[in-house]
Number of protein chains: 2
Amino acid sequence: MTATPAPAAEADWLRLDHQICFSLHAASRAFNGLYRVLLKDLGLTYPQYLVMLVLWEQGDLPVKKLGEHLRLDSGTLSPLVKRLEAAGLVRRERSTRDERSVEVRLTEEGAALRERALEVPRRIAAATGFDPHEIGELRERLDALTAALDAAALQEAPGCP
Amino acid sequence: MTATPAPAAEADWLRLDHQICFSLHAASRAFNGLYRVLLKDLGLTYPQYLVMLVLWEQGDLPVKKLGEHLRLDSGTLSPLVKRLEAAGLVRRERSTRDERSVEVRLTEEGAALRERALEVPRRIAAATGFDPHEIGELRERLDALTAALDAAALQEAPGCP
DNA sequence: CACAATTAAGTTGTGCACAACTCAATGACC
DNA sequence: GGTCATTGAGTTGTGCACAACTTAATTGTG
């Protein structure tokens, strides 16, 4: 034992941080990469696919609601949805009830694309090599992580009531 | 049992996919968001922090080696490293041994920043609410996932020997 | 030696994420 | 009813990720 308890421990923290944050970053990009390959045929990017998943599941939604489901703001969604519209998968229509709101509606083509998308999640699941139970467990872990991180970020934020 | 085994199961696949891919996407962005807050004082973005972590741990490295550690290509790293150079944290120097290669070297300022960065991983770990063992476990799971996804993406790729 | 293939950086173009902002519609309050 | 704060989309600017490409240096092979 030395007088200085553990000078290396500090570096170990940075090392651990390197490991965990890099692992998550890499996993996210790896997922993105595989989806990129699998979604190429459908002409969708990964975030566009997420939007389509929500629309297929929830039906037509205003941009605001889409953003709540996906935790994305209008700065991300506006151009993304415009690209989906350009691809003929959705229409954007001003709500008559509230003229601020824009409804995103699936076109026939957009609704039909769902059939072709059914194969994607199976292939993703197969690629992970995880069984459904493991996937579910990992998902829970990640959701807990997200919730904890969001709470912490709020606390760290400049003005935190 | 009906003649059609489970017509709803197809939709469930899309739903599960929605869950897991969204969870990972959200966790990655949540991490990014918290790092954004914690790194603001250091004047670093999250990917820039990753580069600095590698340099602090490994010492000066050519861009190529940096990319191997972080799985990033020159298209991402070149402008990023230039921004680090503009911030005075690194210098870029053509290798004399191999003029194709560019060595990224920490400046005094860049090396000194490490002291201030030591606090970051502790605060991140605290924010997750996970103990070191859980973090390690999650990391292993994510690394396994990344490896499986990378392998699958390779197999799916156009030309796969 | 010469010349083709490979390699390391860098560039260009597209799309996503997010902060900070504008603008118009809505709602609340006096 | 008029004013003002709030809300929903959208825009702008910065930075990251990645594909496709260019350029220059190096290596391999005849």
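Just so it is clear: chains get the letters A, B, ... in the order the sequence lines come, proteins before strands, and each one is counted from 1. Owing to the predicted nature of the structure, the values given are computational and were not obtained by experimental measurement.
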Just the table, please: protein N/O against nucleotides 20-28 of chain C N/O, every pair under 3.5 Å.
{"unit_1": "C:dT26", "atom_1": "OP1", "unit_2": "A:Glu99", "atom_2": "N", "d": "3.3"}

**Request:** Using side-chain contact (heavy atoms from CB on, under 4.5 Å) as the criterion, list what pairs up with A:Val102, not counting sequence neighbours.
**Result:** A:Val63, A:Arg92, A:Arg94

**Message:** If you compare every side-chain N and O of B:Ser101 against the phosphate oxygens of C:dA9 (OP1, OP2), does one of them come in below 4.0 Å?
**Reply:** yes

**Request:** Have a look at B:Lys65 and say if it touches a base, only the backbone sugar-phosphate, or nothing, with a 4.0 Å heavy-atom cut-off.
**Result:** nothing

**Message:** Can you work out whether A:Glu103 or B:Pro79 has the more 5'-proximal nearest nucleotide on DNA chain D?
**Reply:** A:Glu103

**Prompt:** Picking from D:dT11, C:dA17, C:dA9, which would you name as closest to the side chain of B:Pro62?
**Reply:** C:dA9

**Message:** Can you tell me how far apart CG (A:Leu34) and CZ (A:Arg29) are? Round to the nearest 0.5 Å.
**Reply:** 14.5 Å

**Request:** Could you pull out the closest heavy-atom pair between B:Pro47 and B:Leu80, with the gap in Å?
**Result:** CB-CD1, 3.7 Å

**Prompt:** Base, sugar-phosphate, or nothing for A:Leu77, non-hydrogen atoms under 4.0 angstrom?
**Reply:** nothing

**Fill in**
To the nearest angstrom, the CG-P distance between A:Leu84 and C:dT14 comes to 18 Å

**Prompt:** Under 4.0 Å between a Lys/Arg side-chain N and an Asp/Glu carboxylate O for A:Glu103 and A:Arg91?
**Reply:** no

**Request:** State whether A:Lys82 places a side-chain N or O below 4.0 Å from either non-bridging phosphate oxygen (OP1 or OP2) of D:dT11.
**Result:** yes

**Request:** Would you please indicate yes or no on a ring centroid separation below 6.0 angstrom for B:Tyr46 and A:His25?
**Result:** yes

